[in-house]
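The structure under discussion appears below in the form of structure tokens.
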Amino acid sequence: MSPDIDEARHPFLKGLSKHRGAPPTVVVIFGASGDLTARKLVPAIFNLGVDNLLPGEFHLIGFGRKPIADEDFRVMMDEAIAEHSRRPLNKEIWERVRQNMSYHSGGYDEAAAFDSLAEKINQIEKDLGRDMQRMFYVSTPPSVFEPIIENLGSSGMAQAHVHTKLASKVVIEKPFGRDLESARELNKVINGVFEEPQVYRIDHYLGKETVQDLLVQRFSNSIFEPLWNREYIDCVQITVAESLGVGSRGGYYDTSGALRDMIQNHTMQLVALTAMEPPVSLDPESIRDEKVKVIKAIQPLKLDVDGGDVVRARYTNGLVKGEPVKGYAEEQGIPEDSSTETYAAMRLAINNWRWQGVPFYIRSGKRMARRASEIAIQFKRPPGILFSEGDKFNVAANTMVISIQPDEGVTIVMNSKIPGLETRTQPVKMHFRYSTTFGSNTPEAYERLILDAMVGDSTLFIRGDETEASWKLVTPVLEDWEQCGVHGLKEYTAGSWGPLESERLLWERGHQWR
Ligand code: NDP
Ligand code: BG6
């Protein structure tokens, strides 16, 4: 069988890649009746079709426990696109993806269901007269990650095609374990079936345009890199704030909390990209090597309710954007004895040549004043010789704020002379806004990630040792919190910027949150 695309037979899908071509592919989504498939995955696939980026031969199989007829699944996905796609439904394009969609029912731990899935894929290949790459997207709750992987192994679907070498790969959703031990165990199961280059662990923050731009900002501009170190930087503040509460996800969230849900993965990725050394090249392993190195250089956190490096809290009722909202304890599905945090902040010390002595403050929470993810680099003040009045030094520290979302862009705060006959200074802002420069309809994170996984580019996915390094840092904190229960769990009013106690992390080093 030839892996080449038969352009004559598939005019719409011919040469579907503008830049990089994915081979003929069958995508199987496990958990396809779920929320993520409808809200993100299938709309992303549709938008890749609109951009002419799907491979020449493309099949999508949904897999789940409930029996769903093929046509019913297609209708569910029609509705998903109508509701969640960033671009309106283009019937002609969607129809061409849709006609190659089907549903396969079975248990995630049922070997026979995987054997019949393998037969279905073989039949698709037979009908097309060629091998297909197989991409298994695991989008179920984590309790069934392991049986799915094991069944992919025992059914023979994890292996590459013998002659054409077309790959088999697995994409795994978060959460990747609950602590260091379970992450190691999951890595062991996965690596028992798949080779590491076949594994794509998702962190959707890496698919965001602004997160990818961090590397470009840092390593394609000669004005920033010489300053990016302990000589010039006073502190780094990373905020990932949401105004939303836990909504209907209380059941899941209460078993997770802010540290597992946001800090161990998304926020830690922002730390790694901000602090890593320049990679020797842009190939995936060079970038991931540097990220792992810097995560490993973060010092163990000091755990002490009143004076340590971490603060946790949960929201009480309050006003968000002028609307009254419930406290976490009253949300649907939260047990009475819950001690889960909806906010976590940490002071990190990175013990390497570049960063020694520069605190990295990170925080993430739900029901905060507004949605804002940003990285603020605060530079050291210039010498206080000029521009002072009496003993008061009048010049503010320079800051570079990289806004990940919303209102994506970069702002540099610098000092300027206030026009007039006296010499007085004022901080002023220089803005770069993505929407003004590039327009606002940029690809969703999942579009980039699904395309990269199909093409075989793992740069924006988490390597096994990377996830373990991050769990190694946060697991002692989780264990400590578990032991303490509600003791040490602070409170903050919904709609605020978090608990007062998190200010302490900064005050102790002469800083304050921006
Ligand atoms: P859902 O809770 O919607 O579950 C997905 C599907 O898995 C369900 O439709 C169901 O399919 C099956 N399922 C549900 N519960 C169980 C269970 N206890 N045992 C076995 N199968 C079950 O999940 P989401 O779609 O929201 O999320 C999927 C994955 O993506 C999760 O790992 C989640 O953490 C991750 N994720 C989700 C995000 C989101 O916004 N939704 C964001 C980031 C990550 P069936 O009954 O047909 O088998
Ligand atoms: C998910 C978390 O990984 O990220 C959610 O499970 C959170 O709790 C979401 O709301 C935030 O993603 P984004 O892209 O909206 O910042």
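Small disclaimer: the values here were computed from a predicted structure and weren't measured.
When Glu209, Glu374, Lys208 are each tested for a side chain to side chain donor-acceptor pair (under 3.5 Å) with Gln405, only one passes: Lys208. A side chain to side chain contact (heavy atoms under 4.5 Å, CB included) with Ser364 holds for exactly one of Asp261, Val240, Thr342; it is Val240. Screening Ile238, Asn398, Asp234, Val236 against Ile377 for a side chain to side chain contact (heavy atoms under 4.5 Å, CB included) leaves a single residue, Val236. A ring-ring contact (aromatic ring centres under 6.0 Å, His included) with Tyr343 holds for exactly one of Trp497, Tyr315, Tyr492; it is Tyr492. When Arg288, Lys472, Lys296, Lys291 are each tested for a salt bridge (Lys or Arg N to Asp or Glu O under 4.0 Å) with Glu466, only one passes: Lys291. Considering Met346, Arg260, Glu479 as possible partners of Val474, the one that fulfils the side chain to side chain contact (heavy atoms under 4.5 Å, CB included) test is Met346.
From Gln217, atom CD reaches atom OG1 of Thr274 across 11.5 Å, with rounding to the nearest 0.5 Å. One distance of note links CD of Gln212 with OG1 of Thr459; it measures 9.5 Å at 0.5 Å rounding. The CE atom of Met268 lies 11.5 Å from the CG atom of Asp203; values are rounded to the nearest 0.5 Å. With values rounded to the nearest 0.5 angstrom, Arg504 atom CZ is found 6.0 Å from Arg347 atom CZ. In this structure, CH2 in Trp471 is found 9.5 Å from CG in Leu180, a value given to the nearest 0.5 Å. Separation of atoms CZ (Arg201) and CZ (Phe176) is listed at 4.5 Å; rounding is to 0.5 Å.
Judged purely by distance below 3.5 Å, without hydrogens or angles, the side chains of Trp353 and Asn229 never pair a donor atom with an acceptor atom. Side-chain atoms of Tyr361 and Gln512 include no donor-acceptor pair closer than 3.5 Å. A side-chain N or O of Asp179 and one of Ser182 form a donor-acceptor pair less than 3.5 Å apart. Side chains of Ser458 and Arg463: a donor-acceptor N/O pair is absent below 3.5 angstrom, by distance only. Defined by atom type and a distance below 3.5 Å, a donor-acceptor pair is missing between the side-chain atoms of Tyr446 and Asn47. Checking Asp254 against Thr340 by side-chain atom types alone, a donor-acceptor pair falls below 3.5 Å. With hydrogens and angles left out, the side-chain atoms of Arg363 and Thr239 include a donor and acceptor closer than 3.5 Å. Residues Asp213 and Thr210 have side chains that never bring a donor and an acceptor to within less than 3.5 angstrom of each other.
A pairwise comparison of heavy atoms in Ala275 and Arg354 identifies O-CD, 4.2 Å as the closest pair. Scanning all heavy atoms of the two residues, the minimum distance from Ser338 to Val486 falls at O-CG1, 3.9 Å. The two atoms that bring Phe461 and Ala453 nearest to each other are CZ-CB, 4.0 Å, heavy atoms only. Residues Ile263 and Ala344 come closest through the heavy atom pair CD1-O, 3.8 Å. Shown here for Gly456 and Tyr200, the closest heavy-atom pair between the two residues is CA-OH, 3.3 Å.
Contact check on Glu277 versus Lys293 returns no salt bridge, with no Lys/Arg side-chain nitrogen under 4.0 Å from an Asp/Glu carboxylate oxygen. We find that Lys302 and Asp304 are not joined by a salt bridge, their nearest charged nitrogen and carboxylate oxygen being 4.0 Å or further apart. Arg448 has a carboxylate O that lies under 4.0 Å from a charged side-chain N of Asp452, or vice versa, which qualifies the two as a salt bridge. Classification of Arg314 and Glu330 as a salt-bridged pair fails, no side-chain N sitting under 4.0 Å from a carboxylate O. The pair Arg433-Glu408 does not count as a salt bridge, with every side-chain nitrogen at least 4.0 angstrom from each carboxylate oxygen. Between Glu447 and Arg86 there is a salt bridge, with a side-chain nitrogen of the basic residue lying less than 4.0 Å from a carboxylate oxygen of the acidic one.
Counting only residues at least two apart or on different chains, no ring pair (Phe, Tyr, Trp, His ring centres under 6.0 Å) pair has a member in residues 238-260.
Within the 4.5 Å cutoff, the side chain of Ile418 has no heavy atoms near those of the Thr425 side chain.
Open room surrounds CZ on Arg370; 12 or fewer heavy atoms of other groups in view lie less than 6.0 Å from it.
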